[in-house]
A.B. asks: 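My structure is below; once you've seen it, I'll send some questions.
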Amino acid sequence: MSGGPAPTRLSDRPTPRYRPGRALRVVAVLGAGLITGGAISPAVASAGDHGRGPSTSVEPFGTAPDGTPVERWTLSNGEITMRVLTWGGVIQTLEVPDAHGDVDNVVLGFADLAGYVSDSDPYFGALIGRYGNRIAGGTFTLDGTTYHLPVNNGPNTLHGGPTGFDDQVWEAADVSDHEVAALRLHLVSPDGDQGFPGTLSTTVTYTLDADGRLAVHYEATTDAPTVVNLTQHTYWNLSGEGSGTIYDHELQINASRFTPVDQTLIPTGEIAPVDGTPFDFREPTPIGARIREADQQLLYGQGYDHNWALDREDNTAREGSDRADALEEAAVLHDPHSGRTLRISTTEPGLQFYSGNFLDGTLVGTGGRIYRQSDGLALETQHFPNSPNQPEFPSTELRPGEVYDSTTVFELSS
């Protein structure tokens with residue numbers, strides 16, 4: 001066991017809590033297999049017997065452009081294993097059995113660091129910050145001061161700017177114990193980084209507990225007023241990475257409203273009903289069933305690339321934190337071919353569903369196959385896009401003395 005505090009298990013935290021009366025299971029059966037060659041060196045921290053109890057290991061995974069070494073960590077708890085890069089906090093691979101016991105990698109990614117460092121990386125598996133999703137015109141005003149951010153998505157700023165949290169090397173610490181395998185990632189973003197005010201200190205912890213539950217826990221503090229919206233950008237294909245499109249996947253989103261966008265994919269400010277639109281996923285629906293309808297919103301996004309306002313019992317009013325908000329089920333994704341099901345619960349008020357519209361056949365994935373349109377999808381728990389410019393949206397402001405605190409939990413089963 002390496003030094004550092006033990007991870008905070010969800011069972012030890014008074015919040016976020018499960019909302020009584022909701023039939024919600026938040027167990028994640030997640031695993032990751034070795035994609036590139038080379039032996040895995042055991043980390044100093046190791047808990048339990050390999051292949052049975054929680055364990056961790058680490059190996060070199062290349063060097064960042066500035067010369068910083070990058071590591072790949074393996075977290076395992078019994079048969080459950082995941083692999084995480086210190087570059088961008090990337091979840092590189094997740095291997096899980098299907099209904100017949102066959103194991104596949106169910107997330108998109110690259111076999112080596114060069115793919116993630118490249119400007120063509122579409123945020124595969126990465127931690128996103130300081131601001132997940134888009135900010136209109138790369139500007140916002142906070143406390144009477146207007147801040148200008150570099151634009152990297154047409155006229156807008158996307159996912160924190162051209163050098164966001166996905167393009168940084170995070171400090172990693174094994175915080176496992178005899179019950180959980182856990183990796184704590186830490187990053188300090190200085191005042192003015194990508195135009196954002198305040199020095200932001202961010203910690204993200206990936207935890208696999210003895211019951212097979214994977215939690216992604218975000219915490220952040222600032223020394224000056226700022227805006228924060230953190231998320232995780234894994235692309236899923238429950239049939240297996242490189243197996244083809246996700247059009248047959250059945251998606252259910254617990255949301256009766258979504259936020260329509262303009263032609264640059266910035267929300268208009270309206271929170272519109274999904275009823276009678278291709279955006280109604282309140283019942284399980286194949287993703288491909290309506291994706292080619294002549295709907296203006298689908299034309300803008302070349303498919304789905306929109307935020308859903310989740311139907312929550314909590315009001316999700318944030319004063320620096322979602323700690324007081326319950327974990328509530330946000331979405332269920334099912335692949336009828338493999339029998340795999342993904343459930344997502346979160347303390348966040350929104351979910352961005354992106355159907356992989358801009359995968360264009362120019363990227364080669366971990367399995368050596370080319371990724372084409374809709375070969376994977378992202379389900380990003382979040383506050384709403386462009387909230388700093390939309391006062392009616394849930395606030396993303398964070399002030400000194402407050403703690404940004406957010407949790408998302410995944411379940412994969414078959």
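The analysis underlying the following values was restricted to heavy atoms, covering all of them including side chains, and did not include hydrogens, waters or symmetry mates. In this text, all values refer to a predicted model and were calculated from it rather than measured experimentally.
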A.B. asks: Answer whether the closest heavy-atom distance between the side chains of Thr245 and Ile287 falls below 4.5 Å.
C.D. replies: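 They are not in contact (no side-chain heavy atoms under 4.5 Å apart), so the answer is no.
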A.B. asks: Looking at Arg72 and Gly62, would you say the former's side chain and the latter's main chain have a donor-acceptor pair under 3.5 Å?
C.D. replies: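 Not a single qualifying donor-acceptor pair exists.
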A.B. asks: Can you check whether Met82 reaches Leu214 side chain to side chain, under 4.5 Å on heavy atoms?
C.D. replies: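 The answer is yes, as the side chains (C-beta and beyond) meet within the 4.5 Å cut-off.
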A.B. asks: Please test Thr202 against Val204 for side chain to side chain contact (heavy atoms under 4.5 Å, CB included), starting from the C-alpha separation and ending with a verdict.
C.D. replies: CA-CA 7 Å; Thr202 301; Val204 179; 4.2 Å; yes
A.B. asks: Assess the side chains of Arg130 and Ser189: does a donor N or O sit below 3.5 Å from an acceptor N or O?
C.D. replies: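 There is such a pair between these side chains.
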A.B. asks: Please test His233 against Asp166 for side chain to side chain contact (heavy atoms under 4.5 Å, CB included), starting from the C-alpha separation and ending with a verdict.
C.D. replies: CA-CA 9 Å; His233 207 293; Asp166 61 296; over 6 Å; no
A.B. asks: Shortest non-hydrogen contact from Pro197 to Tyr147?
C.D. replies: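 Taking Pro197 first and Tyr147 second, the nearest heavy atoms are CB-CE2, 3.5 Å.
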A.B. asks: Are a donor atom and an acceptor atom from the side chains of Gln252 and Arg282 found within less than 3.5 Å of each other?
C.D. replies: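 The criterion, which ignores hydrogens and geometry beyond distance, is not satisfied for Arg282 and Gln252.
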A.B. asks: Can you find a pair of side-chain heavy atoms, one from Glu71 and one from Leu85, that are under 4.5 Å apart?
C.D. replies: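 No - every pair of side-chain heavy atoms lies 4.5 Å or more apart.
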A.B. asks: May I ask you to decide if Ser256's main-chain N or O and Asp311's side chain share a donor-acceptor pair within less than 3.5 Å?
C.D. replies: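 Such a contact is found between Asp311 side chain and Ser256 backbone.
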A.B. asks: What is the distance from atom OG of Ser413 to atom CG of Leu342, rounded to the nearest 0.5 Å?
C.D. replies: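 If we round to the nearest 0.5 Å, Ser413:OG and Leu342:CG are 8.5 Å apart.
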A.B. asks: Between the side chains of Thr264 and Asn156, does any donor sit under 3.5 Å from an acceptor?
C.D. replies: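 Yes.
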A.B. asks: Do Tyr206 and Trp73 make the cut of ring centroids closer than 6.0 angstrom?
C.D. replies: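 When the ring centroids of Tyr206 and Trp73 are compared, they turn out to be at least 6.0 Å apart.
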A.B. asks: Got a second to check how far Ile253's CD1 is from Glu283's CD, nearest 0.5 Å?
C.D. replies: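 Separation between the atoms: 12.5 Å.
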A.B. asks: Any chance the side chains of Gln373 and Asp360 put a donor and an acceptor closer than 3.5 Å?
C.D. replies: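 No donor-acceptor contact under 3.5 Å links the two side chains.
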A.B. asks: First locate atom CZ of Arg257, then atom CD of Glu270, and finally report the distance between them rounded to the nearest 0.5 Å.
C.D. replies: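 The distance works out to 10.5 Å.
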A.B. asks: Can Asp223 and Arg399 be counted as an ion pair, charged N to O under 4.0 angstrom?
C.D. replies: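 So Asp223 does not pair with Arg399 through a salt bridge.
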A.B. asks: Rounded to the nearest 0.5 Å, what's the gap from CD on Glu329 to CD on Glu411? Could you check?
C.D. replies: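 Glu329 CD to Glu411 CD: 8.5 Å, rounded to 0.5 Å.
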A.B. asks: Does a side-chain N-to-carboxylate-O contact under 4.0 Å join Asp102 and Arg340?
C.D. replies: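 Looking at Asp102 and Arg340, the cut-off is not met.
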A.B. asks: Residues two or more places apart in sequence or in another chain: which of them pass side-chain hydrogen bond (donor to acceptor under 3.5 Å, both in side chains) with Thr163?
C.D. replies: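 In terms of side-chain hydrogen bond (donor to acceptor under 3.5 Å, both in side chains), with neighbours along the sequence ignored, Thr163 is linked to no residue.
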A.B. asks: Please test Asp335 against Ser338 for side-chain hydrogen bond (donor to acceptor under 3.5 Å, both in side chains), starting from the C-alpha separation and ending with a verdict.
C.D. replies: CA-CA 6 Å; Asp335 172 32; Ser338 68; 2.6 Å; yes
A.B. asks: State, yes or no, whether a side-chain contact exists between Asp167 and Trp87 at a heavy-atom distance under 4.5 Å.
C.D. replies: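 With C-beta onward as the side chain, the pair touches.
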A.B. asks: May I have the step-by-step check of side chain to side chain contact (heavy atoms under 4.5 Å, CB included) for His249 and Asn237, ending in yes or no?
C.D. replies: CA-CA 8 Å; His249 284 38; Asn237 186 319; 3.8 Å; yes
A.B. asks: Applying the side chain to side chain contact (heavy atoms under 4.5 Å, CB included) criterion to Gln297, which one of Asp305, Asp262, Val261 satisfies it?
C.D. replies: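 The residue from Asp305, Asp262, Val261 that satisfies side chain to side chain contact (heavy atoms under 4.5 Å, CB included) with Gln297 turns out to be Val261.
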A.B. asks: List for me each residue that meets side-chain hydrogen bond (donor to acceptor under 3.5 Å, both in side chains) alongside Thr408, sequence neighbours excluded, and say none if there are none.
C.D. replies: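 Scan of Thr408 (side-chain hydrogen bond (donor to acceptor under 3.5 Å, both in side chains), adjacent residues dropped) gives Thr346, Thr381.
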A.B. asks: Check each of Leu379, Thr285, Leu377, Val332 against Leu251 using the side chain to side chain contact (heavy atoms under 4.5 Å, CB included) test, and report the only one that passes.
C.D. replies: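 Only one of Leu379, Thr285, Leu377, Val332 forms a side chain to side chain contact (heavy atoms under 4.5 Å, CB included) with Leu251, namely Leu379.
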A.B. asks: Could you pull out the closest heavy-atom pair between Ile291 and Leu298, with the gap in Å?
C.D. replies: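 Taking Ile291 first and Leu298 second, the nearest heavy atoms are O-CD1, 3.7 Å.
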A.B. asks: Do the side-chain N and O atoms of Thr205 and Thr207 include a donor-acceptor pair separated by under 3.5 angstrom?
C.D. replies: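 No, because no side-chain N or O of Thr205 sits under 3.5 Å from a partner of the opposite role on Thr207.
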A.B. asks: Rounded to the nearest 0.5 Å, how far apart are CD of Glu348 and OH of Tyr218?
C.D. replies: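 Between Glu348 CD and Tyr218 OH, I get 8.0 Å after rounding to 0.5 Å.
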A.B. asks: Between Thr68 and Asp66, does a side-chain hydrogen bond (donor to acceptor under 3.5 Å, both in side chains) hold up when you go through it step by step?
C.D. replies: CA-CA 6 Å; Thr68 304; Asp66 67 356; 2.8 Å; yes
A.B. asks: Is there side-chain contact between Phe165 and Trp170, with heavy atoms separated by less than 4.5 Å?
C.D. replies: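 Touching, per the 4.5 Å side-chain cut-off.
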A.B. asks: Testing the 3.5 Å rule here: is there a donor-acceptor pair between the side chains of His337 and Asp248?
C.D. replies: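 Yes, Asp248 and His337 have a side-chain donor paired with an acceptor closer than 3.5 Å.
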A.B. asks: Which is it for Thr341 and Leu333 under the side chain to side chain contact (heavy atoms under 4.5 Å, CB included) test, yes or no, and what are the steps along the way?
C.D. replies: CA-CA 6 Å; Thr341 298; Leu333 182 69; over 6 Å; no
A.B. asks: Tell me if a side-chain donor or acceptor on Ser201 pairs with a main-chain N or O of Val188 at a distance below 3.5 Å.
C.D. replies: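 Such a contact is absent between Ser201 side chain and Val188 backbone.
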A.B. asks: Please check if the side chain of Glu328 supplies one atom and the backbone of Glu313 the other of a donor-acceptor pair under 3.5 Å.
C.D. replies: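 It does hold such a pair.
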A.B. asks: Flag the pair Phe279 / Pro260 as yes when at least one side-chain heavy-atom distance between them is below 4.5 Å, and no otherwise.
C.D. replies: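 With C-beta onward as the side chain, the pair stays apart.
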A.B. asks: Just by modelled atom types, is the Ala330 backbone N or O under 3.5 Å from a matching donor or acceptor in the Trp308 side chain?
C.D. replies: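 It does not hold such a pair.
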A.B. asks: For Ser355, is there any backbone N or O sitting under 3.5 Å from a side-chain donor or acceptor partner on Ser374?
C.D. replies: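 Between the backbone of Ser355 and the side chain of Ser374 there is a qualifying donor-acceptor contact (under 3.5 Å).
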A.B. asks: Per the ring pair (Phe, Tyr, Trp, His ring centres under 6.0 Å) rule, which among Tyr247, Phe281, Tyr354 passes with Tyr304?
C.D. replies: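 Answer after filtering Tyr247, Phe281, Tyr354: Phe281.
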A.B. asks: What residues, two or more places apart in sequence or in another chain, satisfy ring pair (Phe, Tyr, Trp, His ring centres under 6.0 Å) together with Phe124?
C.D. replies: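 Residues passing ring pair (Phe, Tyr, Trp, His ring centres under 6.0 Å) with Phe124: Phe110, Tyr235, Tyr371.
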A.B. asks: Before you tell me yes or no, could you show the steps for Thr141 and Thr146 under side-chain hydrogen bond (donor to acceptor under 3.5 Å, both in side chains), namely the whole-Å CA-CA distance, both residues' side-chain angles and the distance that decides it to 0.1 Å?
C.D. replies: CA-CA 4 Å; Thr141 299; Thr146 298; 2.9 Å; yes
A.B. asks: Treating Asn389 as the side-chain partner and Thr139 as the backbone partner, does any N or O pair qualify as donor plus acceptor under 3.5 Å?
C.D. replies: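 Yes, Asn389 side chain to Thr139 backbone: donor-acceptor pair under 3.5 Å.
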A.B. asks: Regarding Asn133 and Glu380, do their side chains bring together a donor and an acceptor under 3.5 Å, going by distance alone?
C.D. replies: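 No pair is found: no donor N or O on one side chain lies under 3.5 Å from an acceptor on the other.
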A.B. asks: Do Leu142 and Glu397 come close enough that some side-chain heavy atom pair is under 4.5 Å?
C.D. replies: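 A side-chain contact exists here, since the closest heavy-atom pair is under 4.5 Å.
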A.B. asks: Is it true that a side-chain atom of Asn153 and a backbone atom of Leu158 form a donor plus acceptor pair closer than 3.5 Å?
C.D. replies: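 No, because the side chain of Asn153 does not come within donor-acceptor range (under 3.5 Å) of the backbone of Leu158.
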A.B. asks: Under a 4.5 Å cut-off applied to non-hydrogen side-chain atoms, are Leu127 and Gln168 in contact?
C.D. replies: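 With C-beta onward as the side chain, the pair stays apart.
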A.B. asks: Looking just at side-chain N and O atoms, do Asn105 and Thr93 make a donor-acceptor pair shorter than 3.5 Å?
C.D. replies: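 There is no such pair between these side chains.
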A.B. asks: Please round to the nearest 0.5 Å and tell me the distance separating atom CG of Leu363 and atom OG of Ser118.
C.D. replies: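 Answer for the CG-OG pair, Leu363 versus Ser118, is 7.5 Å.
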A.B. asks: Under the 3.5 angstrom rule, does the side chain of Gln92 hit a backbone N or O of Arg83 as a donor-acceptor pair?
C.D. replies: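 Between the backbone of Arg83 and the side chain of Gln92 there is no qualifying donor-acceptor contact (under 3.5 Å).
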A.B. asks: Do Tyr123 and His159 have ring centroids that are under 6.0 Å from one another?
C.D. replies: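 Yes: the rings meet the under 6.0 Å criterion.
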A.B. asks: How close do Leu200 and Ala220 get, heavy atom to heavy atom, and via which atoms?
C.D. replies: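 Minimum heavy-atom contact is CD1-CB, 4.1 Å.
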A.B. asks: Assess whether side-chain hydrogen bond (donor to acceptor under 3.5 Å, both in side chains) is satisfied between Asp98 and Ser414, documenting all intermediate values.
C.D. replies: CA-CA 6 Å; Asp98 65 11; Ser414 58; over 6 Å; no
